[in-house]
Amino acid sequence: MDTRYLGIAELTEVPSVAVVVDVMRAFTVAAWAFARGAERIVLAESLDDARALKDRHPDWVAIKDGPPAPGFDTVNSPGMLRSMDLSGRTVVQKTTAGTVGALAVKDASLVLCASFVVAEATARLLRARAAHDTVTFVVTGEDGKAEEDLACAQYIALRATEDTSAGAAEQAVPYLRRAAESRAAEELATGVRAGVHPDDVPLCLELDRFPFAMIASWDGDADAGRMTLRPYEVPVQVTTTDL
Ligand SMILES: O=C(O)[C@H](CS(=O)(=O)O)OP(=O)(O)O
Ligand SMILES: [Mg+2]
């Protein structure tokens with residue numbers, strides 16, 4: 001597997017396989033939404049688009065980053081999502097980096113959205129589906145320089161070359177440390193960013209909290225057709241016929 005690491009603005013061609021990484025916080029939040037029962041996450045193009053989706057589908061749960069705002073049900077915080085019951089719900093998500101990165105590679109043949117909480121499942125899916133491909137990791141934060149996203153991307157790339165899930169916790173230590181010392185972690189912990197729960201940073205640094213990867217694909221049934229994120233439970237002994 002060949003790997004490359006690009007910021008959103010550096011995506012000049014359609015990748016074959018894309019792993020869009022946003023540790024703090026979009027794809028930690030997305031994983032928590034699925035853990036709390038959400039059926040799918042519609043990735044909104046803009047705040048206006050998210051509001052319009054919510055207007056057309058009042059039963060959908062709209063999430064934005066930054067401070068709470070009219071028209072949105074909650075904010076981009078795993079600490080807040082953790083206590084919500086989202087059973088069977090469709091979530092609409094719009095954030096500054098993560099959802100923008102996923103939409104930027106919407107024409108790729110496989111789009112995974114990832115963070116530390118789904119790292120091993122993501123790596124396992126790459127082992128099965130992309131062992132002979134070039135995998136483009138989209139480092140969504142800070143114009144491709146966000147240390148928490150780059151560290152997570154490099155960790156998933158490392159794990160994707162391993163045969164088993166043994167040893168993951170030990171291998172992860174330096175990568176998690178880089179994320180813990182990132183600018184995003186500091187800003188979330190010190191109140192520079194809005195719409196934050198005190199547990200957000202530790203929740204974003206939980207390794208393999210969830211057993212699923214997250215695949216973004218076109219869903220013709222969502223509104224008039226939308227890029228939509230869904231969880232994908234990756235069998236431990238996966239073969240290509242499982243997919
Ligand atoms: O909600 C977040 O943590 C960020 C937005 S900001 O950098 O805090 O303004 O969005 P994300 O797309 O999840 O990085
Ligand atoms: Mg981020």
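Indexing begins at 1, ligand by ligand and atom by atom, following the structure's order. What you see is a predicted model, and the numbers here were worked out from it, not measured in a lab.
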Peer 1: May I ask you to identify, for Arg25, whether its side chain, its backbone, both or neither come under 4.0 Å of ligand 1 on a heavy-atom basis?
Peer 2: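 The answer is both.
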Peer 1: Which of the atoms in ligand 1, numbered in the order shown and given with their element, are less than 4.0 Å from a heavy-atom of Ala26?
Peer 2: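 Those qualifying, in numeric order: 13 (O).
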Peer 1: What is the nearest protein non-hydrogen atom to atom 4 (C) of ligand 1, stated with its residue, atom name and distance?
Peer 2: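 For atom 4 (C) of ligand 1, the nearest protein heavy atom comes out as Asp65 OD2, 3.6 Å.
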Peer 1: How close does the nearest protein non-hydrogen atom get to atom 14 (O) of ligand 1, and which residue and atom is it?
Peer 2: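 Here the closest protein heavy atom is Asp22 OD2, 2.9 Å.
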Peer 1: One residue to check: Glu187. Relative to ligand 1, which of side chain, backbone, both or neither has a non-hydrogen atom less than 4.0 Å away?
Peer 2: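 Neither; no heavy atom under 4.0 Å.
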Peer 1: So does Asp199 have more than 12 non-hydrogen atoms from other groups sitting under 6.0 Å from CG?
Peer 2: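 Counting other residues, nucleotides and ligands, CG of Asp199 exceeds 12 neighbours.
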Peer 1: Would Ala97 count as a polar contact of ligand 1, with the cut-off being nitrogen or oxygen pairs under 3.5 Å?
Peer 2: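 Yes, at least one N or O pair falls under 3.5 Å.
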Peer 1: Before accepting this row, confirm whether a basic side-chain N of the pair Glu120/Arg159 lies closer than 4.0 Å to the acidic partner's carboxylate O.
Peer 2: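 A salt bridge links Glu120 with Arg159.
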Peer 1: Distance check, rounded to the nearest 0.5 Å: Phe116 atom CZ versus Asp149 atom CG?
Peer 2: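 If I round to the nearest 0.5 Å, the distance is 9.0 Å.
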Peer 1: For the atom pair CH2 (Trp32) and CE (Met80), what is the distance rounded to the nearest 0.5 Å?
Peer 2: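 With rounding to 0.5 Å, CH2 (Trp32) is 14.5 Å from CE (Met80).
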Peer 1: For atom 7 (O) of ligand 1, grab the closest protein heavy atom and report residue, atom and distance to one decimal in Å.
Peer 2: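 Ranked first by proximity to atom 7 (O) of ligand 1 is Arg193 NH1, 2.9 Å.
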Peer 1: I need the nearest protein heavy-atom contact for atom 9 (O) of ligand 1: residue, atom name and distance, please.
Peer 2: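 Here the nearest protein heavy atom works out to Thr96 OG1, 4.1 Å.
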Peer 1: Quick check: does Met24 put an N/O/S atom under 2.8 Å from the Mg ion (ligand 2)?
Peer 2: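 It does: Met24 brings an N, O or S atom closer than 2.8 Å to the Mg ion (ligand 2).
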Peer 1: Going by atom types alone, do Ser87 and Asp85 pair a side-chain donor with an acceptor below 3.5 Å?
Peer 2: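 Side-chain D/A pair, Ser87 to Asp85: present.
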Peer 1: Any ion pair linking Asp73 and Lys54 (charged N to carboxylate O, less than 4.0 Å)?
Peer 2: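 Judged by the 4.0 Å cut-off on N to carboxylate O distance, Lys54 and Asp73 do form a salt bridge.
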Peer 1: Under 3.5 Å between any N/O of Gly66 and any N/O of ligand 1: does that happen in this structure?
Peer 2: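 No: no nitrogen or oxygen of Gly66 is under 3.5 Å from one in ligand 1.
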Peer 1: What's the separation between atom CD1 in Ile41 and atom SG in Cys113, rounded to the nearest 0.5 Å?
Peer 2: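 Going from CD1 on Ile41 over to SG on Cys113, the span is 9.0 Å.
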Peer 1: Taking both backbone and side-chain atoms into account, decide whether Asp22 has an N/O/S atom under 2.8 Å from the Mg ion (ligand 2).
Peer 2: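 It does; at least one qualifying atom falls short of 2.8 Å.
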Peer 1: Are any of the N/O atoms in Thr95 less than 3.5 Å from those in ligand 1?
Peer 2: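 There is such a contact, yes.
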Peer 1: Would you call the rings of Tyr5 and Phe137 parallel, tilted or perpendicular, where under 30° means parallel and over 60° means perpendicular?
Peer 2: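 Aromatic pair Tyr5/Phe137 classed parallel.
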